[in-house]
*Asks:* 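This is the structure I have questions about; it appears just below.
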Amino acid sequence: MTRRKRRNHSPALKAKVALAVVRGERTVAELAGQFDVHPNQIQDWKKKLVAGAEHVFGAGAVAVEHAERETAQLHAKIGQLTMEKGFLSTALGRDR
């Protein structure tokens, strides 16, 4: 009996199989047969999906909001500095 080469499954396949298990569309055994993956591997993918689901709605949303707020502050600072530069150029006579 020869050993099977190590396979790397795409993240899309992992998500598809894990979501199918979570939804209850098919049993783990049926999915294992359909996708030619060991049932224990499917259970691991399911655990990772369930454990990481909070990051989809939690930390990522806060990080995006923080980045947007910081971007707005930086744009305001750029506007302020541009106005100051224009004022000083005019005041010092360099704008002629």
Side-chain angles (χ1 to χ4, degrees):
M1 181 188 285
T2 60
R3 286 187 77 163
R4 181 189 295 190
K5 284 186 174 182
R6 182 181 174 101
R7 296 181 293 170
N8 293 322
H9 301 288
S10 69
L13 175 73
K14 293 176 186 180
K16 180 179 176 181
V17 174
L19 282 172
V21 172
V22 170
R23 288 184 192 139
E25 295 174 352
R26 295 186 178 171
T27 65
V28 174
E30 290 172 343
L31 290 168
Q34 178 183 354
F35 292 102
D36 193 30
V37 178
H38 197 276
N40 290 345
Q41 186 67 58
I42 293 175
Q43 289 295 341
D44 289 343
W45 293 344
K46 176 186 169 189
K47 288 177 188 175
K48 286 183 181 180
L49 175 68
V50 171
E54 66 187 43
H55 297 292
V56 173
F57 299 105
V62 172
V64 169
E65 183 179 324
H66 177 68
E68 289 173 353
R69 193 175 325 123
E70 186 177 353
T71 302
Q73 289 173 346
L74 291 172
H75 282 277
K77 186 67 175 178
I78 290 170
Q80 176 189 355
L81 293 173
T82 302
M83 288 179 55
E84 289 174 0
K85 178 183 176 262
F87 173 77
L88 292 173
S89 292
T90 306
L92 294 175
R94 293 183 184 165
D95 196 29
R96 295 179 188 170

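Since this is a predicted model, take the numbers as computed values, not measurements.
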*Asks:* With sequence neighbours excluded, what pairs up with E84 under the side chain to side chain donor-acceptor pair (under 3.5 Å) test?
*Replies:* Q80
*Asks:* Look up atom NZ in K85 and atom OG1 in T90, then write down how far apart they are to the nearest 0.5 Å.
*Replies:* 10.0 Å
*Asks:* If hydrophobic clusters are built by linking Ile, Leu, Val, Met, Phe, Trp and Tyr wherever their side-chain heavy atoms come under 4.5 Å apart, do V50 and V21 end up in the same one?
*Replies:* no
*Asks:* Can you tell me how far the CG atom of L31 sits from the CD atom of Q43, to the nearest 0.5 Å?
*Replies:* 10.0 Å
*Asks:* Give a yes or no on whether the backbone of T27 and the side-chain of E30 come within a donor-acceptor separation of less than 3.5 Å.
*Replies:* yes
*Asks:* Does K46 reach the side chain of V28, with side-chain heavy atoms less than 4.5 Å apart?
*Replies:* no
*Asks:* According to a hydrophobic-cluster definition based on side-chain heavy atoms being under 4.5 Å apart (Ile, Leu, Val, Met, Phe, Trp, Tyr only), do V22 and I42 belong together?
*Replies:* no
*Asks:* Could you tell me whether the side chain of V37 reaches within less than 4.5 Å of the side chain of V17, counting heavy atoms only?
*Replies:* no
*Asks:* Please list, chain by chain and in numerical order, all residues satisfying salt bridge (charged side-chain N to carboxylate O under 4.0 Å, His left out) with R6, sequence neighbours excluded.
*Replies:* none
*Asks:* Do the side chains of H9 and W45 get nearer than 4.5 Å, heavy atoms only?
*Replies:* yes
